[in-house]
There are 2 protein chains.
Amino acid sequence: MRLLIAEDDKLHRSFLEDVANDTFADLAEMTLTSDGEGAIEAFKSAQYDCVILDLQMPKMTGVEVAKSIWARAPATKILFWSNYTEEAYIRGITKIVPAAAVYGYILKSAPEEQLKLALQGVFVAEQCVIDREVRGVQQRAGNRLSGLSELEYEALVDLCLGLTDKAMAARRNVSLRGAQSRLQSLYQKLGLEKGDIPSSDWGPSFNSRTRAISIAMTRGILNADALRREEEMLMSWLSAKSH
Amino acid sequence: MRLLIAEDDKLHRSFLEDVANDTFADLAEMTLTSDGEGAIEAFKSAQYDCVILDLQMPKMTGVEVAKSIWARAPATKILFWSNYTEEAYIRGITKIVPAAAVYGYILKSAPEEQLKLALQGVFVAEQCVIDREVRGVQQRAGNRLSGLSELEYEALVDLCLGLTDKAMAARRNVSLRGAQSRLQSLYQKLGLEKGDIPSSDWGPSFNSRTRAISIAMTRGILNADALRREEEMLMSWLSAKSH
DNA sequence: AGCAGTTCTGCGGGAACCCGCAACATCCCC
DNA sequence: GGGGATGTTGCGGGTTCCCGCAGAACTGCT
């Protein structure tokens, strides 16, 4: 077994190293990296069949690293090992996981025992091991009623970036009304009914536009990290637009 | 010396324990807790002169814990030990630190050597030890030109919570135009000039209201955690308003 | 007192936004 | 081919927002 580990926190990294050494007797090689670029480079120079990834690393998300790895070798088994159950990451993962790929998702707060089980399950037994809590979020996100569709998610991103309706329309190639329509269904999904707050005396307390952002951020549908990445994508689109 | 440590990540916690044991020979007592409530309770039942706090813990921020501790015993020496340099936390700290209090702020990413130095500096030599990076943010926040005034910060909070102008006016006890005026100066401070994006052909690309939120979040002036706390304060104000 | 700096206020107009209504266009499934 | 679900588009009007102008209040400093 050849194992690659990417984790920026040095304590967590050496912890993973210890547990891996403890769990597997047949480790042909183990490589440790502290960021996404390092992981991708390491994977290019030598093939690994098992990978442990921290989501939330400087510069590059674990999700992006996984995407690059799976693009090169779809059979690679990946265990995601993260701090929180941010919906932003979970959505990203379920979007890039290949058809029959083996992967796992476990939280850092879980006891060591569970981590060992996950390592065994994903890397040896080749089964998907998803933490209960994560599973819950994943299911909600996939649910047609409570989760956001791809289009609604796009609208949310544009909204959080601070675009106007007109700009959204231009970016997504729809009419102005089309963009507004997407916003409307987004508001509905996020639960922005008029009677949210029991009818205050000084009129409507919430501005749908900004309230939607507030809800998205507190629920973790989008986080500051994802926002920074989306900002970059917006900028590159902007410069491409002006040929 | 009597030392209290609050840190939710168990790896980091035991690391702190080791380093503290390693650094100080005269430890009369050391208590470890994994959340804010535990720390406050521990501090009530037995006096400590030195405290290490993680910001960003579940339910209660290290900032709130520090506030409670300093309210009870202003001479307590506190070392903040955090992941990132979120302006949200730094602003909170500088707001609650008593006149002549001794404290320090060091990042988890710093090498062990620096942590030891900070422990010595704050707890023994009784000097303030602030990480360079943090110091930079702190200074920018205090600067009249680039940093936000208290009023502008309030406006930002209300904005990010999704309130309407009218609701802000009601909450802050100013006229409608007053609230809008605060927003205007906020926009200006955040750098929302009209020519931000080089004059796109399809009109103004950014909605000031949402763009301001975007900038605040990516810069870390406000984070999801702080937002959730502010949300609670808003709700309690709301229910108080309707007696 | 005088003066600068900051904040609050009303007024008014132009722009942006929210959304109900109604008409299509797809696509899928029975 | 007839529902059904989903997504797009135009129209219209009521609301909210953004902001320039100008005056008033309040601070701290000389």
Side-chain angles (χ1 to χ4, degrees), chain A residues 142-156 158-197 199-200 202-215, chain B residues 143-145 147-156 158-197 199-200 202-215:
Chain A
N143 183 336
R144 188 148 315 242
L145 284 173
S146 55
L148 302 185
S149 76
E150 199 52 34
L151 291 178
E152 285 150 0
Y153 182 73
E154 280 184 6
L156 176 63
D158 289 349
L159 182 66
C160 291
L161 285 172
L163 295 181
T164 59
D165 292 3
K166 223 185 293 184
M168 294 183 202
R171 186 178 188 196
R172 306 301 184 182
N173 287 315
V174 290
S175 72
L176 178 62
R177 187 65 181 84
Q180 292 176 332
S181 178
R182 291 184 182 187
L183 282 178
Q184 259 184 268
S185 57
L186 172 66
Y187 295 155
Q188 209 174 336
K189 281 278 181 68
L190 291 180
L192 284 195
E193 306 306 325
K194 306 199 168 188
D196 199 351
I197 288 303
S199 68
S200 324
W202 23 270
S205 349
F206 288 125
N207 172 316
S208 337
R209 211 173 174 79
T210 48
R211 185 61 180 166
I213 302 181
S214 169
I215 292 178
Chain B
N143 183 335
R144 186 150 314 240
L145 284 173
L148 301 185
S149 78
E150 199 52 35
L151 290 179
E152 285 151 359
Y153 183 74
E154 279 183 7
L156 176 63
D158 289 348
L159 183 65
C160 290
L161 285 173
L163 295 180
T164 60
D165 293 3
K166 222 185 292 183
M168 295 184 201
R171 186 178 188 197
R172 306 301 184 182
N173 287 315
V174 291
S175 72
L176 178 62
R177 188 65 183 84
Q180 292 175 333
S181 177
R182 291 184 181 187
L183 281 178
Q184 259 183 269
S185 58
L186 172 66
Y187 296 156
Q188 209 175 337
K189 280 278 181 69
L190 292 179
L192 283 197
E193 307 305 325
K194 306 199 167 188
D196 200 350
I197 289 304
S199 68
S200 324
W202 24 269
S205 351
F206 287 125
N207 171 315
S208 337
R209 212 174 175 79
T210 48
R211 186 61 181 166
I213 302 181
S214 169
I215 292 178

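Every chain is numbered from 1, with letters handed out A, B, ... down the list of sequences.
- At whole-Å resolution of the value, CG in A:Asp165 and P in D:dT9 are 14 Å apart.
- Computed from coordinates, the B:Gln188 CD to C:dT7 P distance equals 11 Å when rounded to whole Å.
- Regarding A:Gln180, its CD atom lies at a distance of 13 Å from the C1' atom of C:dA15, rounded to whole Å.
- Ranked by how close their nearest DNA chain C nucleotide is to the 5' end, A:Leu183 and B:Asn173 are led by B:Asn173.
- Between B:Asn207 and C:dA16 there is no side-chain polar atom (N or O) within less than 4.0 angstrom of OP1 or OP2.
- For A:Leu151, the side chain to side chain contact (heavy atoms under 4.5 Å, CB included) partners two or more places apart in sequence, or in a different chain, are A:Ser149, A:Glu154, A:Arg182.
- The shortest heavy-atom contact between A:Ile213 and A:Leu159 is CD1-O, 3.9 Å.
- Rounded to an integer number of Å, the gap from A:Gln184 CD to C:dC21 P is 11 Å.
- In this view, A:Ala179 and A:Met168, A:Ala169, A:Val174 satisfy the side chain to side chain contact (heavy atoms under 4.5 Å, CB included) rule, not counting sequence neighbours.
- Separation of atoms CG (A:Asp158) and OG (B:Ser214) is listed at 11.0 Å; rounding is to 0.5 Å.
- One interatomic measurement links the two molecules: CG of A:Leu163 to P of C:dA16, which rounds to 14 Å at whole-angstrom precision.
- Side chain of B:Ser181, nearest nucleotide from D:dT9, C:dT9, C:dC19: C:dT9.
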Kindly indicate, with the supporting measurements, whether the criterion side-chain contact (heavy atoms from CB on, under 4.5 Å) is fulfilled by A:Tyr187 and A:Arg211.
-> CA-CA 9 Å; A:Tyr187 295 155; A:Arg211 185 61 180 166; over 6 Å; no
Start with the C-alpha distance between B:Arg209 and B:Asp165, add both sets of side-chain angles, then the distance that settles side-chain contact (heavy atoms from CB on, under 4.5 Å), and finish with yes or no.
-> CA-CA 11 Å; B:Arg209 212 174 175 79; B:Asp165 293 3; 2.9 Å; yes
Evaluate side-chain contact (heavy atoms from CB on, under 4.5 Å) for A:Phe206 paired with B:Leu163, printing each intermediate quantity in order.
-> CA-CA 5 Å; A:Phe206 288 125; B:Leu163 295 180; 3.6 Å; yes
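- Using a 4.0 Å cutoff on non-hydrogen atoms, the parts of residues 147-155 of chain A near DNA chain D are A:Leu151, ordered by number.
- Separating the CZ atom of B:Arg209 from the P atom of D:dT15 is a distance of 17 Å, rounded to the nearest angstrom.
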For nucleotides 22-29 of chain D, 5' to 3', base contacts (B), sugar-phosphate-only contacts (S) and non-contacts (-) with protein non-hydrogen atoms under 4.0 Å give --------
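- Taking five base pairs at each end of the helix from C:dA1-D:dT30 to C:dC30-D:dG1 and finding the rotation axis that steps the C1' atoms of four pairs onto the next four gives two axes whose angle is 40°, to the nearest 10°.
- Nucleotide C:dT7 holds its C1' atom 16 Å from the CZ atom of B:Arg172, rounded to whole Å.
- Applying the side-chain hydrogen bond (donor to acceptor under 3.5 Å, both in side chains) rule to A:Gln184 yields the partners A:Arg177; only residues at least two apart in sequence or on another chain are considered.
- Nucleic acid contact class of B:Ser175 (heavy atoms, under 4.0 Å, all strands): sugar-phosphate only.
- In terms of the salt bridge (charged side-chain N to carboxylate O under 4.0 Å, His left out) criterion, residue partners of A:Glu152 (sequence neighbours excluded) are, by chain and number, A:Lys189.
- In this structure, the CG atom of A:Leu176 is 12 Å from the P atom of D:dC11, given to the nearest Å.
- Checking the phosphate oxygens (OP1, OP2) of C:dT7, no side-chain nitrogen or oxygen of B:Arg182 falls inside 4.0 Å.
- Nearest approach of B:Leu190 to B:Ile215, heavy atoms of both residues: O-CD1, 3.8 Å.
- Here the CG-OG distance, from A:Leu161 to B:Ser205, works out to 12.0 Å after rounding to the nearest 0.5 Å.
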Taking only nitrogen or oxygen atoms into account, show me every contact under 3.5 Å that the protein makes with nucleotides 24-26 of chain C, one pair per line with its distance.
none

